[in-house]
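Bear in mind the structure is a predicted one, so any value in this text is a computation, not a measurement. So that the names make sense, note that chain A is the first sequence line, chain B the second, and so on, each numbered from 1.
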Protein chains: 2
Amino acid sequence: MTARSKTTTTRTRTAPRKVAAVRTKTRTARRAAPPGLSHDVIRIAALALIDEDGLADFSTRKLGRVLGCEAMAIYWYYPSKEALLDAVVDQLMMRVAAVVSGRAPIDWIGALRDVAHAYRGLAHDHPKAFPLLATRRFASESTYAFLEELFELARRQGIEDRITARFYRVVSSYCSGFALNELATLHGPKDPGIAALRRRYTRVAAVSAWLEPRHLDETFEFGLELQLAALAGAPGAAPMEQRR
Amino acid sequence: MTARSKTTTTRTRTAPRKVAAVRTKTRTARRAAPPGLSHDVIRIAALALIDEDGLADFSTRKLGRVLGCEAMAIYWYYPSKEALLDAVVDQLMMRVAAVVSGRAPIDWIGALRDVAHAYRGLAHDHPKAFPLLATRRFASESTYAFLEELFELARRQGIEDRITARFYRVVSSYCSGFALNELATLHGPKDPGIAALRRRYTRVAAVSAWLEPRHLDETFEFGLELQLAALAGAPGAAPMEQRR
DNA sequence: CCGCCACCTTTACACCGTAAAATACACCCG
DNA sequence: CGGGTGTATTTTACGGTGTAAAGGTGGCGG
């Protein structure tokens, strides 16, 4: 059960993965070089594979192939594919968590804004993997640690828990939904029949012109700032001074 | 290619599906009664099956079983499982579309509010199927017709296309994300380790208390009204009078 | 009566997640 | 040095999946 505990083996990642056919010249060179797996190596490769092939085509067997091992080897580290995907989610959230760690305990609104941007950034950098985030529950150690930090920041500013909860939920929902919409229109199937539809439904076409990629940023900012402004003006948030 | 056209067979749905072993007493009663499939019957059964078993366990073979036919029979009506799921999405959206059809051409804000509520209602009535909506692009005939009606309503009120697009995107993103969050926390896996996490991360626990199911409605309304209020006050929306 | 055609079944294939068992290797203890 | 122990990985196997391809079957218009 070493793998499931926190201990990582001393010699991790032997560099040139995937060769697997070479033989070590150490004594008793019977088998091909062992894959040298670990939690980290596996979930990073998993994310990379999802980024490349897409979620639907991701399989443990393919992952094993790029890892230079059999599919079942993965199961020694993760009990199931589901669990592995949870770990991938964690991996993604690390980037979001980084924006609040070590931040000065002022300006919770600014922190929330940065988190929102980082979250949407994930959708852009990992469009194929992002839907994982939207469906899964954040119930891991690291995401809890991240939230703890974020909420602690709010408390230090004197924001009531009720207000914190409310705005966190509203803002995170908005970001999640917006990014998902974005991905669906940008990376969805390039349906040629859509042009015909647009021709018959003129109002949809006219309004959709304002949802083109080049307006997405401004639309996102608009909605986000709308919510953050409400937070700034909410009773129970920030002592008294609030920029005008 | 009759099935792919608009014509539906005259005698649809013979009632007691799934028996399939009975024989008609009509002349030449060689084979068991034919399944009597149709686009409608299939996609309604598909939705019901997803509601019951969940998305991950939904398969064409199981669907065939409840339909009293072989899995491949479905492929005569829908070219792929993907296409069938798109049809299921359409089926779900019909309920949302219903709230704007035949509505008086005043009060676009009210219409948007009702659409938002109907959308969230879907998540509650079809929690297992709802994630389909969030990921897929709305590019079908019927959803376009729905949007056309919604946007036409806005135009009749003199709201600029830019404003319409902006608020539609913001509100729909919010609803989508909120509902997804809701489902993840409500119907997600009942992890027992979560209690331990909560004990160690006290701020998360305190704030999460305000995200309990009984506060969800009020939180949703808060965020929604926040956005609708901004719409009411936006330049380019509504002629001049706006309540107070 | 025949042949077409809508509808459905049969068969087949490649692939999937993963339980269970076998196997290989590093290491410690005698 | 020899064997046991435990960690890491492969092998084998099973039941399931989406769907291509081909084969039936029955009603209907000629």
Ion pair present between B:Arg136 and B:Glu82, side-chain N to carboxylate O less than 4.0 angstrom?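 The answer is yes: the pair qualifies as a salt bridge.
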Would A:Arg95 and A:Asp125 pass as an ion pair if we require N to O under 4.0 Å?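 Salt bridge between A:Arg95 and A:Asp125, a charged N being under 4.0 Å from a carboxylate O: yes.
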Check: [X] ring centre within less than 6.0 Å of [Y] ring centre:
{"X": "A:Tyr144", "Y": "A:Phe138", "result": "no"}
{"X": "B:Tyr174", "Y": "A:Tyr174", "result": "no"}
{"X": "A:Phe130", "Y": "A:His124", "result": "no"}

Contacts of B:His215 that satisfy ring-ring contact (aromatic ring centres under 6.0 Å, His included) - sequence neighbours left out: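 If we apply the ring-ring contact (aromatic ring centres under 6.0 Å, His included) test to B:His215, skipping adjacent residues, the hits are B:Trp210.
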Where is the tightest heavy-atom contact between B:Glu149 and B:Val100, given as atom of each residue plus distance?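 In terms of heavy atoms, the two residues are closest at OE2-O, 4.0 Å.
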Using a distance-only test with no angle check, is there a side-chain donor-acceptor pair under 3.5 angstrom linking A:Ser140 and A:Thr143?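 A donor-acceptor contact under 3.5 Å links the two side chains.
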In terms of side-chain heavy atoms, does A:Glu182 have a donor or acceptor partner in A:His187 at a distance below 3.5 Å?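 Side-chain D/A pair, A:Glu182 to A:His187: absent.
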What is the distance, rounded to the nearest whole Å, between atom [atom1] of [X] and atom [atom2] of [N]?
{"X": "A:Tyr75", "N": "C:dA22", "atom1": "OH", "atom2": "C1'", "result": "19 Å"}
{"X": "A:His39", "N": "D:dT7", "atom1": "NE2", "atom2": "P", "result": "14 Å"}
{"X": "A:Leu49", "N": "C:dC16", "atom1": "CG", "atom2": "P", "result": "10 Å"}
{"X": "A:Leu63", "N": "C:dC16", "atom1": "CG", "atom2": "C1'", "result": "14 Å"}
{"X": "B:Arg65", "N": "C:dC8", "atom1": "CZ", "atom2": "P", "result": "18 Å"}
{"X": "B:Trp76", "N": "C:dC7", "atom1": "CH2", "atom2": "P", "result": "4 Å"}
{"X": "A:Lys81", "N": "D:dT17", "atom1": "NZ", "atom2": "C1'", "result": "12 Å"}
{"X": "A:Ile42", "N": "D:dA8", "atom1": "CD1", "atom2": "P", "result": "11 Å"}

At what angle, to 10 degrees, do the two end axes of the helix from C:dC1-D:dG30 to C:dG30-D:dC1 meet, given five pairs define each axis?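 Inter-axis angle at the termini of the helix from C:dC1-D:dG30 to C:dG30-D:dC1: 30°.
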Can you give me the N/O atom pairs linking the protein to nucleotides 10-14 of chain C at distances under 3.5 Å, or say none if there are none?
none

Holding to side chain to side chain contact (heavy atoms under 4.5 Å, CB included), I want the full list of residues that pass it with A:Val99, two or more places apart in sequence or in another chain.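 If we apply the side chain to side chain contact (heavy atoms under 4.5 Å, CB included) test to A:Val99, skipping adjacent residues, the hits are A:Asp114, A:Val115, A:Ala118.
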Which nucleotide in C:dT18, D:dT9, C:dC7 has an atom nearest any side-chain atom of A:Tyr77: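 Selected nucleotide: D:dT9.
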Using a cut-off of strictly less than 4.0 Å between a heavy atom of the residue and any atom of DNA chain C, enumerate the qualifying residues of residues 52-60 of chain A by number.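 Residues of residues 52-60 of chain A that come under 4.0 Å of DNA chain C are, in numerical order, A:Phe58, A:Ser59, A:Thr60.
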Among pairs that include at least one residue of residues 196-214 of chain B, which meet salt bridge (charged side-chain N to carboxylate O under 4.0 Å, His left out), considering only residues two or more places apart or in two chains?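 Passing the test, one end in residues 196-214 of chain B: A:Glu141-B:Arg200, A:Asp161-B:Arg203.
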